[in-house]
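Everything below concerns the one structure shown next.
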Amino acid sequence: MSRENGADAGEGAGGGVPEPEQLALIRDSVRKAKVPRAKPRTWRGAALAKELPVARVLVDKGVLHLDRYFDYAVPEELDEVARPGVRVRVRFGAGSRNVREGRREGGGLIDGFIVERRAESEYTGPLAALAQVVSPEPVLDPGLLELARAVADRYAGSLADVLQLAIPPRHGRAESRAASAPPAPPAAPDPGTWRRYGHGADFVGALASGGSPRAVWTALPGPQWAEEIARAVQATLASGRGALVVVPTGRPAARVDAALTALLGEGQQALLTADAGQERRYREWLSVRRGAVRAVVGTRAAMFAPVRDLGLVVIWDDGDPNHSDDHAPFPHVREVLELRAARDKCGFLLGSWSCTVEAAQLVETGWAAPLVADREQVRGAAPLVRTVGDGDLARDEAARAARLPTLAWKVVREGLKHGPVLVQVPRRGYVPRLACERCREPARCRRCAGPLEAQEGGAALRCGWCGVAEAEWHCGSCGGFRLRAQVVGAKRTAEELGRAFPAVPVRTSGREQVLDTVPGAPALVVSTPGAEPVAEGGYAAALLLDGWAMLGRPDLRAGEDALRRWMAASSLVRPQGAGGTVVVVAEPTLRPVQALVRWDPVGHAVRELSERAELGFPPVSRMAAVSGPPEALAGFLAGAELPPDAVVLGPVPVRDAGPGPARRPGAAPVGEQWERVLIRVPPGSGAALAAALKTAQAARMARGAKGAREGGTEAVRIRVDPLDIG
DNA sequence: AGCACGCCGACT
DNA sequence: GTCGGCGTGCTC
């Protein structure tokens, strides 16, 4: 919600709706340059700019040109507006070179950004002229360019791809309306509820006095987190610097936004979320870039927001998969904000009710300090957590009849006397993982420790990573030889739960319809993870069903993820002192379950981390997934010069090459079987791996049509730090 | 991706 | 001797 220019000055002198592009140009006094977008004038014979007549341009064309710049001549008439950072259109293609007499200029018009103005070019051929300066707004400043390049390098992607994520599409009207007057900084804040944390007040104080502390913050359960983030932002603003907050979805964004408004008043911050329209998105973004707004709250695209004098970056709930962008090169908010904190030497705050292994690693390496409350504070804020394991269920006659454990039934009934009760039900579609029937140890490959999977219709097992078949599996931990796969039956259980309490209203919140809040009156609130409404005054109790389905996913993160979702739900429950109780239906001996009972997410993450280190898993080692049609993948691997310490696992057929947002035109036709390899390198070789992958992809694309005959000119898909490693 | 340039076979 | 096939490489 950035402030808008109150008076709608200067709009449309002639009435009607002028071409947006023209508006900007006219305003900046480019005479006679009535430059229609469809047909810019040709500049043949036109005089060139007297100073710095060369514009170095980043051509916005995906992978093809890679990260090279191209030089163009700057016509004198564009001299004023053709400044570094502006959007331009240029002719690009073989035809444009042919400037011989009489011939038309060929080559398509494509978009780009001026990166630099120079006195001369190293290019020896004749330079084509810039076709058009789309707008005088310098959207790509040097800081953003550097950040985008760092992200591109880190993720083996192209600069143009990253810029597409970082700079929203232009909207002419927004350009004329975005605010540009900076507000006065607020006063230094009171640390408020930050006092509940050991070094909380110090952290806020450091920000307010211009410092750049870095912290991994384990938030106490309850609703105060949004206000705490707002106070950290306020402190940063008070120091005269800007702040950026990235949250997983629109709901928490609205919470932080509201908390900021309550603290600072209207108009101090911009809200950058995906669901805003193009015009609004660009307008808010521009207000940030112009320095009119110093604080930004948003979802993942906001991680690139060009905040002036950045003093603090914040990520909330870094384990939420929404923090991973789904466009190439798939950057993750946490990693990008780490890059920004390091480059801009600004503060860094990673907050969550839970703790990812990556967050634990930031603390372990000393990059960030832990920001935690002591045990007493935790006990005072957290609900009581009780478990129902298989043993309990087996002994529980009533449970088998009612499909609901006696303990759960009792807790729900008691809770409903005092307020709403939350029931968390896993979503359908969770693929269960194979585990030892006796001790629940996940079944892993003997060669590479990847997850074993049952093949369709067959009894044979196969590794999900390296594809090696496992004929005679037995449990490495207890010697058992029987496997089990957990099946989900949760929704039905929830329905029956409603029937068990007929007098109570049942409300549901899920993918189709997400409830934001529910009143404090007794009700059963059935929700899938991530969609839990906030209850006024907190839930009296919560029931976490089918823990097995959550823990049983064939994913390295299954345990961490289950714990994160349980803690997120449990954080909406009243403290134990106020009667808040949580029942989790899962084996009490399992590590994530114990971590929930003890409310110790950090301990869980630290143990996970050391185990990952032992097994050579991310994030201790770096991994990349490369997928594509089998021939393309094979060609890619044959041409890639991977670092010597790289280990290639696979290829294995990949199930989900089907339709989806990740598919692009020109990719494999639907139904074609894709393959995937995982490549892992030890700590320290991550950059080398990314560089090698990028080079190999570049070489492959440059070969272009020639390669088509020898097995696919198709690009393979590269994903550094894949989220879903089995 | 386009698009032009060039080397080779077929045709007036 | 010239037209045009498509194979190859470049795009400021």
Side-chain angles (χ1 to χ4, degrees), chain A residues 38-49 51-79 82-134 140 145 157-161 163-164 328 628-629 632 635-636 639 663-669 695-717:
Chain A
K39 206 170 144 199
R41 62 162 288 193
T42 57
W43 297 94
R44 179 154 351 103
L48 297 184
E51 275 174 51
L52 306 179
V54 174
R56 185 147 280 186
V57 171
L58 174 82
V59 173
D60 186 14
K61 215 183 173 206
V63 173
L64 279 179
H65 53 79
L66 298 155
D67 291 349
R68 288 171 49 209
Y69 297 133
F70 292 89
D71 289 344
Y72 285 83
V74 180
E76 190 170 24
E77 284 174 78
L78 296 182
D79 186 23
R83 285 171 305 186
V86 300
R87 293 179 211 259
V88 291
R89 286 166 72 74
V90 293
R91 296 196 180 279
F92 189 83
S96 59
R97 183 169 23 117
N98 188 0
V99 214
R100 269 183 282 154
E101 23 119 22
R103 294 259 209 115
R104 268 264 219 69
E105 299 216 334
L109 274 174
I110 59 176
D111 296 316
F113 301 93
I114 295 183
V115 160
E116 191 189 353
R117 286 283 297 268
R118 332 183 83 220
E120 48 197 52
S121 172
E122 282 126 41
Y123 184 65
T124 47
L127 295 186
L130 295 173
Q132 183 187 359
V133 172
V134 175
L140 177 59
L145 178 61
S158 77
L159 189 54
D161 277 348
L163 287 178
Q164 208 141 36
F636 174 87
R663 288 185 61 79
R664 297 188 168 190
T695 307
Q697 176 84 299
R700 194 164 174 73
M701 297 287 68
R703 270 208 308 280
K706 174 170 41 174
R709 219 141 322 123
E710 323 143 9
T713 176
E714 278 164 297
V716 294
R717 202 170 103 173

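Reminder, nothing fancy here: chain letters follow the sequence lines and each chain counts from 1.
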Consider side chain to side chain contact (heavy atoms under 4.5 Å, CB included). Of A/L130, A/L127, A/V133, which one does A/V74 pass it with?
A/L130
State which residue, out of A/F92, A/F113, A/Y69, fulfils the side chain to side chain contact (heavy atoms under 4.5 Å, CB included) condition with A/V59.
A/F92
Whether A/F70 stacks on the six-membered ring of C/dC12 base, 5.5 Å and 30° limits:
no
[X] has an atom [atom1]; how far is it from atom [atom2] of [N], in whole Å?
{"X": "A/R68", "N": "C/dG9", "atom1": "CZ", "atom2": "C1'", "value": "12 Å"}
{"X": "A/L109", "N": "B/dG2", "atom1": "CG", "atom2": "P", "value": "14 Å"}
{"X": "A/Y123", "N": "C/dC12", "atom1": "OH", "atom2": "P", "value": "6 Å"}
{"X": "A/I110", "N": "C/dC12", "atom1": "CD1", "atom2": "C1'", "value": "11 Å"}
{"X": "A/L130", "N": "C/dC12", "atom1": "CG", "atom2": "C1'", "value": "10 Å"}
{"X": "A/L127", "N": "C/dT11", "atom1": "CG", "atom2": "P", "value": "12 Å"}
{"X": "A/F92", "N": "B/dA4", "atom1": "CZ", "atom2": "P", "value": "15 Å"}
{"X": "A/R91", "N": "B/dG2", "atom1": "CZ", "atom2": "C1'", "value": "14 Å"}

Go through the structure and list residues passing side-chain hydrogen bond (donor to acceptor under 3.5 Å, both in side chains) with A/R87, not counting sequence neighbours.
none
For A/E120, check side-chain contact (heavy atoms from CB on, under 4.5 Å) against everything at least two apart and list the hits.
none
